[in-house]
Amino acid sequence: MADKASPTIESKTQLIEAISRGNKPKADWRIGTEHEKFTFYRDDNRPVPYEGENGIGALLDKVQAETAWLPYYDRDKVIGLNNPLGGGAISLEPGGQFELSGAPLETIHQTCSEANEHLKLLRKFTDPMGIDFLGIGVTPTWTLDEIPVMPKSRYGIMKPYMEKVGTLGTSMMFRSATVQVNLDFSSEADMVKKMRVSLALQPIATALFANSPFLEGKPNGLLSFRSNIWLNTDRDRTGMMPFAFEDGMSFERYVDYALDVPMYFVIRNDEYVNCAGESFRAFLDGKLPQLPGELPTVKDWEDHLSTLFPEVRMKQFLEMRGADGAPWQGICALPAFWVGLLYDDTALDAAWDLVKDWTDAERQALRDEVPRLGLKTPFRSGTLFDIAKQALVIARHGLKARNKLNWEGADETVFLKPLDYTIETGKTPAERLLDLYHGEWDGDLGRVFADYGMARHAA
């Protein structure tokens with residue numbers, strides 16, 4: 001039985017409206033930051049399973065009791081918590097990555113405070129449980145076989161399908177982590193401009209936040225293995241979406257793209273119905289083999305949109321998806337970078353001027369090479385470092401203009417400091433980790449857990 005609270009879709013217009021109703025006046029634009037982190041035991045750096053008195057399920061129970069956030073379940077297992085007051089949620093990724101989906105907030109100061117309060121709350125329970133968190137793009141030491149699987153039914157559908165369509169889909173699910181920021185648009189034209197700028201500049205964010213140079217206990221030869229994973233996951237639902245730069249880009253054009261991405265599942269009576277590889281277009285015609293004669297609901301469409309993984313994803317907002325998981329400072333730096341570029345009109349114009357003559361081939365070449373070369377990726381007569389430096393200048397001006405207009409004295413540019421340091425040194429976070437590995441750590445990757453544990457370093 002379909003969700004009675006969700007309207008049945010009877011026309012393509014409803015699919016478009018499900019996205020276009022995200023249009024908001026500038027005064028209502030917000031910042032939503034999501035960050036995933038790996039859970040590990042401090043005594044031996046093992047991943048934390050779901051079960052047990054010191055497992056992730058127990059941690060969720062403790063947080064729920066402390067906050068009165070509402071639990072949600074997959075069958076009889078708590079798999080996340082929602083804030084009933086309208087902001088934020090905690091969820092689990094397949095390998096136990098612990099995610100905070102932040103509330104829609106007005107300033108990056110609020111985002112940073114939210115992240116820090118989240119970590120301080122968790123520490124109240126994780127310290128006695130011997131648990132900590134690691135903010136990095138890919139697990140540095142664990143093999144896939146060592147990583148516990150969280151009790152979420154959708155992963156039983158996604159995993160075998162990903163193994164058919166790509167080579168690294170299971171690595172994406174179980175041993176990658178990201179920070180992303182979700183930002184608003186005011187109109188279709190504003191969405192198109194922001195989509196194009198953020199797609200073109202996504203490889204710059206990947207380079208600036210590259211933070212996954214290790215795999216299974218040694219360097220993997222890349223700076224962002226997480227970004228490389230996405231190149232080898234599922235070409236139907238990932239990538240740079242060159243159609244976004246074509247004449248006629250619109251909400252409808254994105255809907256057409258989404259309709260052509262194969263489905264994963266439909267949820268009925270709280271159970272996941274395996275529809276892997278099926279067509280949502282067939283579903284619109286009542287011809288989904290698993291639910292013959294049944295039409296989709298708006299909730300089905302929203303679920304389907306959440307299974308698309310391009311570099312920038314559209315729902316009722318735009319999701320910036322290029323960055324590796326990061327320590328606390330990176331959680332604040334990512335929204336600062338993108339808000340500075342996209343939320344001030346002059347900055348957005350300058351960012352568009354920077355990228356508007358790039359070709360599809362150039363954008364794709366940046367995307368393909370940045371996991372390996374980072375800021376040293378060749379581009380025209382220079383490197384990606386030159387573009388990153390210019391983008392950071394634009395972002396800083398955008399933040400200053402926005403702060404002067406709306407929050408005089410609330411200087412959000414302070415959150416760009418980690419990126420300033422990367423530009424000053426010419427080294428990405430991954431390269432600094434590699435320097436430690438070959439130097440002070442003397443090849444001991446246990447040090448990354450000890451030195452970069454997030455909960456113990458919460459302010």
Side-chain angles (χ1 to χ4, degrees), residues 22 24-37 63 66-70 80-91 98-124 133 135 177-186 194 198 205 208-209 315-321 323 325-345 347-348 392 395-420 454-455 457-459:
K24 294 181 178 68
K26 192 169 186 176
D28 293 340
W29 290 357
R30 295 295 182 265
I31 307 162
T33 306
E34 303 180 26
H35 54 94
E36 301 166 356
K37 51 229 175 263
V63 174
E66 177 76 11
T67 63
W69 284 25
L70 300 177
L81 306 171
N82 283 320
N83 184 345
L85 300 180
I90 290 171
S91 60
F98 208 85
E99 179 178 0
L100 176 68
S101 298
L105 301 170
E106 288 189 80
T107 73
I108 301 159
H109 290 278
Q110 292 170 343
T111 287
C112 252
S113 176
E114 175 190 58
N116 207 44
E117 290 302 314
H118 169 70
L119 291 172
K120 285 200 292 185
L121 170 66
L122 293 180
R123 185 174 182 179
K124 179 177 181 179
F133 303 100
T178 186
V179 179
Q180 68 182 49
V181 61
N182 306 324
L183 299 176
D184 290 314
F185 42 78
S186 61
K194 287 174 175 172
S198 54
L208 287 169
F209 290 85
K315 296 179 181 175
Q316 291 175 24
F317 43 81
L318 297 177
E319 299 179 351
M320 307 297 121
R321 298 177 52 82
W328 182 83
Q329 296 90 339
I331 297 171
C332 308
L334 186 75
F337 179 70
W338 286 115
V339 166
L341 289 170
L342 302 183
Y343 269 16
D344 173 71
D345 291 341
L348 180 59
L392 195 54
R396 176 169 276 101
H397 283 302
L399 290 176
K400 286 181 177 178
R402 153 188 159 85
N403 293 161
K404 184 175 182 179
L405 182 65
N406 297 300
W407 299 283
E408 188 69 58
D411 181 12
E412 294 176 316
T413 66
V414 298
F415 300 114
L416 295 174
K417 285 183 178 179
L419 306 185
D420 292 334
M454 293 176 74
H457 294 135

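Taking the ring-ring contact (aromatic ring centres under 6.0 Å, His included) definition, one finds that Trp29 meets it with Tyr343, sequence neighbours left out. Residues satisfying the side-chain contact (heavy atoms from CB on, under 4.5 Å) test with Pro25, not counting sequence neighbours, are Asp28. Considering only residues two or more places apart in sequence or on other chains, Asp420 meets the side-chain hydrogen bond (donor to acceptor under 3.5 Å, both in side chains) condition with Arg396. Leu70 is linked by a side-chain contact (heavy atoms from CB on, under 4.5 Å) to Pro84, counting only residues two or more places apart in sequence or in another chain. With sequence neighbours excluded, no residue satisfies salt bridge (Lys or Arg N to Asp or Glu O under 4.0 Å) with Glu34. Contacts of His118 classified as side-chain hydrogen bond (donor to acceptor under 3.5 Å, both in side chains), with partners at least two apart in sequence or in another chain: Lys37. With sequence neighbours excluded, the residues satisfying side-chain contact (heavy atoms from CB on, under 4.5 Å) with Pro104 are Arg30. The side-chain contact (heavy atoms from CB on, under 4.5 Å) search around Glu319 returns Gln180, Asn182, Arg313, Lys315, Phe317, Arg321, not counting sequence neighbours. Not counting sequence neighbours, Lys417 has no partner by the salt bridge (Lys or Arg N to Asp or Glu O under 4.0 Å) test. Applying the side-chain hydrogen bond (donor to acceptor under 3.5 Å, both in side chains) criterion to Lys400, with sequence neighbours excluded, gives no partner residue. The side-chain hydrogen bond (donor to acceptor under 3.5 Å, both in side chains) check on Ser186 picks up Asp190, with sequence neighbours excluded.
The heavy-atom pair separating Trp338 from Ala205 by the smallest distance is CZ2-CB, 3.7 Å. Heavy atoms only, all atoms of each residue included: Phe209 and Gly330 are closest at CE2-O, 3.7 Å. Here the shortest heavy-atom pairing between Ala347 and Gly398 reads CB-CA, 3.7 Å. Ile31 and Pro335 make their closest contact through CG2-CB, 3.9 Å (heavy atoms, listed as atom of the first residue, atom of the second, distance). Contact detail for Ser198 and Leu342: the closest heavy-atom pair is CB-CD1, 4.4 Å. Pro418 and Gln329 make their closest contact through CG-CB, 3.8 Å (heavy atoms, listed as atom of the first residue, atom of the second, distance).
The distance from atom CG of Asn82 to atom OG of Ser101, rounded to the nearest 0.5 Å, is 9.0 Å. Taken to the nearest 0.5 Å, the CD1 atom of Ile108 stands 9.5 Å off from the OG1 atom of Thr413. Taking CG of Leu100 as the start and CG of Leu121 as the end, the distance is 10.0 Å to the nearest 0.5 Å. The distance from the CG atom of Asp411 to the OG1 atom of Thr107 is 11.5 Å, given to the nearest 0.5 Å. The structure places CG of Leu399 at 15.0 Å from NZ of Lys404, a figure rounded to the nearest 0.5 Å. The structure places CZ of Phe185 at 7.0 Å from NZ of Lys24, a figure rounded to the nearest 0.5 Å.
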Please determine whether side-chain contact (heavy atoms from CB on, under 4.5 Å) holds for the pair Leu341 and Met320, giving the CA-CA distance in whole Å, both sets of side-chain angles, and the decisive distance to 0.1 Å.
CA-CA 12 Å; Leu341 289 170; Met320 307 297 121; over 6 Å; no
What do the steps show when you test Lys194 against Leu183 for side-chain contact (heavy atoms from CB on, under 4.5 Å), and what is the final call?
CA-CA 9 Å; Lys194 287 174 175 172; Leu183 299 176; over 6 Å; no
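Taking the six-membered ring for Trp and thresholds of 30 and 60 degrees, His109 and Phe415 have ring planes more than 60 degrees apart, a perpendicular arrangement.
Evaluation of the salt bridge (Lys or Arg N to Asp or Glu O under 4.0 Å) test over residues 334-345, restricted to residues two or more places apart or in two chains, returns Lys26-Asp345.
Here the side chain of Thr33 pairs no donor or acceptor atom with the backbone of Val181 at under 3.5 angstrom.
Annotation: side chain of Leu334 is not in contact with side chain of His35 (no heavy-atom distance under 4.5 Å).
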